Amino acid sequence: AGGEIRLGHEVTGIRAENGAVRVITPVSDDVFDRVIACAGLQSDVVARFVGADPSPKILPFRGEYWELAPERADLVNGMIYPVPDPRFPFLGVHFTRGVYDNVHVGPNAVPALAREGYTWLQISPKDTWESLRWPGAASLAKQHWRMGVDEISSSLVKPLWFRKARRFVPELRMRDLTHKTAAGVRAQAWGRKGELLDDFAVDQVGPVTVLRNAPSPAATSSIAIAEYLVEHYLSAPVR
Ligand SMILES: Cc1cc2nc3c(=O)[nH]c(=O)nc-3n(C[C@H](O)[C@H](O)[C@H](O)COP(=O)(O)OP(=O)(O)OC[C@H]3O[C@@H](n4cnc5c(N)ncnc54)[C@H](O)[C@@H]3O)c2cc1C
């Protein structure tokens, strides 16, 4: 449809000017009629470019996985999921058989120490400090500290992870979990009162629509989310 995908263009500024929007990157400067920003882990940063409310903030939660030994992959023939606990936005460790027949065991949910903190060693003092001083930090810690200790300890101590996984596959042996594999970081929207949002937060600032919080299953439902944005925001006249 004549669209263009530009990789390697970090948006450093978005400005509404004379009824249009200027999008600035270190290598380009373009003007558009309307802009929809879906910046994942950076979505609150991008929201601030256009003067939107700083809340919800994005709290990065890493999801780590262990890999099941290939010779034990036949233990898992489909997806094995826990029953969701509605108090938490994350599902808990589950077994997923991939398209190459490899089996992932995870993800957990541990606070990442940087927005793009894919391991415990990737630390951003700025991101961590901003999370600690967020007004909802004390309330979140008070509410969920038990869950936090449980998740962090099983991230660091393999037998604890194994114990969680074996609840679903009793035949599992510790040595079947061979190594930790690539992790992902979830962009969890977090309100001022410490609440973890279950749904999307959409701000409309003039001609700019900013989407924050794309929790699972946002990838699965991305087309429906796009339709929702077009119907409810893009079709509305700019105010
Ligand atoms: C461990 C894990 C497991 C998950 N499991 C599932 C699942 O089973 N099912 C499911 O549906 N979803 C799942 N999700 C969630 C899913 O991955 C996200 O909801 C989805 O990726 C969100 O899409 P998005 O486009 O909003 O954000 P993203 O995929 O994060 O994309 C945002 C993009 O914006 C770019 N960006 C950010 N800032 C800038 C900037 N300043 N300039 C230019 N570009 C910028 C980033 O580089 C990135 O490419 C999982 C996530 C994790 C971490």
Side-chain angles (χ1 to χ4, degrees), residues 3-15 21-30 32 35-50 52 56-67 78-82 84 88-99 103-120 122 124 126-127 151 154-155 161 180-190 196-203 208-230 233:
E4 188 185 328
I5 296 172
R6 294 191 192 163
L7 303 177
H9 284 57
E10 181 190 346
V11 175
T12 51
I14 302 178
R15 287 189 208 133
V21 201
R22 228 171 117 199
V23 177
I24 302 154
T25 81
V27 288
S28 61
D29 188 334
D30 295 280
F32 300 94
V35 165
I36 302 178
C38 301
L41 286 162
Q42 300 285 338
S43 55
D44 55 341
V45 175
V46 169
R48 290 202 299 262
F49 289 165
V50 288
K57 180 182 159 37
I58 294 298
L59 182 62
F61 269 102
R62 187 171 57 252
E64 302 164 328
Y65 295 87
W66 279 83
E67 185 89 3
M79 312 280 267
I80 304 176
Y81 276 86
F88 304 109
F90 313 123
L91 195 53
V93 164
H94 49 273
F95 289 74
T96 308
R97 196 173 180 117
V99 288
V103 176
H104 285 137
V105 186
N108 61 352
V110 289
L113 302 177
R115 284 173 195 268
E116 285 83 19
Y118 294 95
T119 68
W120 282 115
Q122 282 170 306
S124 157
K126 180 174 178 284
D127 290 348
E151 289 288 303
S154 59
S155 160
W161 184 295
K180 267 195 172 169
T181 180
V185 183
R186 305 176 186 86
Q188 174 63 51
W190 187 24
L196 299 178
L197 273 66
D198 288 323
D199 212 343
F200 305 97
V202 188
D203 284 292
V208 184
T209 309
V210 182
L211 177 74
R212 262 181 278 194
N213 187 38
S216 183
T220 312
S221 46
S222 53
I223 300 297
I225 296 165
E227 284 168 356
Y228 172 84
L229 287 178
V230 169
Y233 291 89

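These numbers come from a predicted model, not from an experiment. Remember, it's 1-based here, ligands and their atoms both numbered in the order they're listed.
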Subset of ligand 1 atoms that lie under 4.0 Å from at least one heavy atom of G184
53 (C)
For ligand 1, which atoms sit closer than 4.0 Å to a heavy atom of E10?
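Reading through ligand 1 atom by atom, the close ones are 41 (N), 42 (N), 43 (C).
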Nearest atoms (heavy-atom pairs only) where [X] meets [Y]:
X: D198; Y: N213; answer: C-ND2, 4.1 Å
X: A112; Y: V185; answer: CB-CG1, 4.2 Å
X: P56; Y: L197; answer: CG-CD2, 4.0 Å

Ligand 1 versus V185: contacting region, heavy-atom distance under 4.0 Å:
backbone
Which one holds for Q42 and ligand 1: side chain close, backbone close, both close, or neither close, with close meaning a heavy atom under 4.0 Å?
side chain
R97 atom CZ, over 12 foreign heavy atoms within 6.0 Å:
yes
Decide whether the shortest distance between a heavy atom of [X] and an atom of ligand 1 is less than 4.0 Å.
X: A187; answer: no
X: F61; answer: no
X: H9; answer: yes

Would you verify whether the NZ or CZ of R212 falls within 45 degrees of the ring axis of W190 while also being under 6.0 Å from that six-membered ring's centre?
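Judged by the rule, R212 and W190 form no cation-pi pair.
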Kindly write out the residues that satisfy side chain to side chain contact (heavy atoms under 4.5 Å, CB included) with Q42, not counting sequence neighbours, or none if the list is empty.
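Scan of Q42 (side chain to side chain contact (heavy atoms under 4.5 Å, CB included), adjacent residues dropped) gives A39, V45, R115, E116.
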Sub-3.5 Å N/O-N/O distance, [X] and ligand 1:
X: V11; result: yes
X: L211; result: no
X: T220; result: yes

Verify the distance criterion only: is there a donor paired with an acceptor across the side chains of E64 and S155 at less than 3.5 Å?
yes
